[in-house]
Chemist: 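Handing you a structure now.
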Amino acid sequence: MSDIRRISCAILRAGTSKGIFLKENDLPDDPRERDRKIMEIFGSPDVRQIDGLGGADPLTSKVAIIGPPSRPDADVDYTFGQVGITDPLVDYSGNCGNISSGVGPFAIDEGLVRAVEPVTRVRINNTNTGKILVAEVPVRNGKAMVAGDYKIDGVPGAGAKIMMDFAGTAGAATGKILPTGNLVDVLDIAGFGKLEASIVDVANPMVFVRAGDLGLTGIETPSEINGDKKMLALLEQIRGKTAVIIGMAKNEADALQRSPAFPMIAFVSGPQDYVAFTTGNKIKAGQVDLVSRLMYMQVMHKTYAGTGATCTGVAARIPGTIVNEMAGMPSSLVRIGHPAGVIDIEVEVQAEGHEVRLERAAFGRTARRIMDGYVYL
């Protein structure tokens, strides 16, 4: 593999992210050599990723590696990597729900999974978490459908609706929906003081804090937060502290260096009016159950991660968490207001005190293959 000059690849817009999809067998077996190839494909490390396929944005610097199933209850294996832009690192510590929605269509179109009309159910083994995701992909003439009337905020136009069920991802990183066993923990943040937080692990681990406790409204735009260096530093400090508490990092510096993407942090508030920054459309308080702003790779996510929606939706349905406090007790359809609009997720949770059982966590996405061919190294 050392003299390879080109690798087969496809670029897919999946949900509100864009990723490079590669086949496992086309990559080196050695992890370090594999990551070097992936970084070369993306043009990292470089702030513009000018010599590769990366888009110089965390939401477009993502890789999906697809291979044959390594367990009998799956149709394909899928490994997600967050590719560093300025850092020579591929972070495999968690999954991406948006990129996950492209795995089913890719597997069907590549002939890795037999197409069954009208809907093909693809069981995806996410190797990052060891959990099974289920994609329900509409199919026509042996290929995944692209055209449709389903719209998701943060993506122009409409497409065929892909349902993603993440019910099998409870305790993705820690083995527990409530990693500390608590509905609310009190974090001691240096230079800030005591801060209440809810730590929840579904699809990916997350820490939730009240926007008001940070002096925020909860409806800030990406530019407002990303331009505030002190707030970015505080949010990363909270995220790093959480990473240490749940065993994902040795210390806060280690969290930033080795696991910059996960756990994720979100600050939440109750329903309120705001303007979607991508379209200028007004989102009314009555359209959402809560408002949340998600941080990803040390900046604010421009929309909302699919795994983040899963975790937030489940947290909203667990009485006693900070998210539940902000949302009240929503119905099984939890509506989350994000910077570009609203994302809905169907959640069925059985919660008795600190005992929580997840029965369904499903949301709709769309995906589209933009190009395929070879990337030259």
Chemist: Determine the minimum heavy-atom distance between P88 and P45, stating which atoms define it.
Modeler: N-CB, 4.2 Å

Chemist: Drop me the distance from L12's CG to I370's CD1, to the nearest 0.5 angstrom.
Modeler: 7.0 Å

Chemist: Roughly how far, to the nearest 0.5 Å, is the CD1 atom of I7 from the CG atom of L377?
Modeler: 4.5 Å

Chemist: Please confirm whether the backbone N or O of D109 pairs with a side-chain atom of K143, one donor and one acceptor, at under 3.5 Å?
Modeler: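 Judged by distance alone, yes, a pair lies under 3.5 Å.
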
Chemist: How many angstroms lie between SG in C9 and CZ in F21, if you round to the nearest 0.5 Å?
Modeler: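 C9 SG to F21 CZ: 11.5 Å, rounded to 0.5 Å.
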
Chemist: Kindly state each residue pair satisfying salt bridge (Lys or Arg N to Asp or Glu O under 4.0 Å) with at least one member in residues 67-86, sequence neighbours excluded.
Modeler: R71-D73, D75-R123

Chemist: Do side-chain atoms of N126 reach the backbone of K131 as a donor and acceptor pair under 3.5 angstrom?
Modeler: no

Chemist: With a sphere of 6.0 Å drawn around CG of N251, does it hold more than 12 non-hydrogen atoms of other residues, nucleotides or ligands?
Modeler: yes

Chemist: Could you tell me which non-hydrogen atom of Y274 sits nearest to which non-hydrogen atom of H338, and how far apart they are?
Modeler: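 Distance-wise, the nearest heavy atoms are OH-O, 2.7 Å.
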
Chemist: For the hydrophobic clusters of this structure (ILVMFWY residues joined by side-chain heavy atoms under 4.5 Å, transitively), does one cluster hold both I85 and Y296?
Modeler: no

Chemist: Identify the heavy atoms of L89 and Q257 that sit nearest to each other, and give their distance.
Modeler: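 Heavy atoms only, the tightest pair is CD2-O, 3.4 Å.
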
Chemist: Carefully, step by step, assess K176 and D201 under the rule salt bridge (Lys or Arg N to Asp or Glu O under 4.0 Å).
Modeler: CA-CA 7 Å; K176 298 178 181 179; D201 182 7; over 6 Å; no

Chemist: Might you work through the salt bridge (Lys or Arg N to Asp or Glu O under 4.0 Å) test for E110 and R369, ending with a clear yes or no?
Modeler: CA-CA 12 Å; E110 294 293 324; R369 184 178 294 227; 3.0 Å; yes

Chemist: Over all heavy atoms of both residues, which pair between K250 and D254 is shortest? Give the atoms and the distance, please.
Modeler: N-OD2, 3.0 Å

Chemist: Are E40 and R36 close enough for a salt bridge, meaning some N to O gap below 4.0 Å?
Modeler: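 Answer for the salt bridge query: no.
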
Chemist: What about L187 and V200, same hydrophobic cluster or not, with Ile/Leu/Val/Met/Phe/Trp/Tyr joined at side-chain heavy-atom distances under 4.5 Å?
Modeler: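 Yes.
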
Chemist: Would you say V299 and F267 are hydrophobically clustered, going by side-chain heavy atoms of ILVMFWY under 4.5 Å?
Modeler: no

Chemist: Atom OH of Y92 and atom OG of S259: how far apart are they, to the nearest 0.5 Å?
Modeler: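 These two atoms lie 13.5 Å from each other.
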
Chemist: For E346 and S332, test the side chains for any donor-to-acceptor distance below 3.5 angstrom and give the result as yes or no.
Modeler: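 No pair is found: no donor N or O on one side chain lies under 3.5 Å from an acceptor on the other.
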
Chemist: Can you name the nearest heavy-atom pair linking A107 to V76, along with the distance?
Modeler: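 It is CB-CG1, 4.0 Å.
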
Chemist: Looking only at heavy atoms, which two atoms of N125 and S70 are closest? And how far apart?
Modeler: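 Nearest pair, atom of N125 first, then S70: ND2-OG, 3.4 Å.
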
Chemist: Examine the side chains of T321 and S198 and answer whether a donor and an acceptor come within less than 3.5 Å of each other.
Modeler: no

Chemist: Quick check: does any side chain N or O of R6 sit under 3.5 Å from a backbone N or O of S8, one acting as donor and the other as acceptor?
Modeler: no

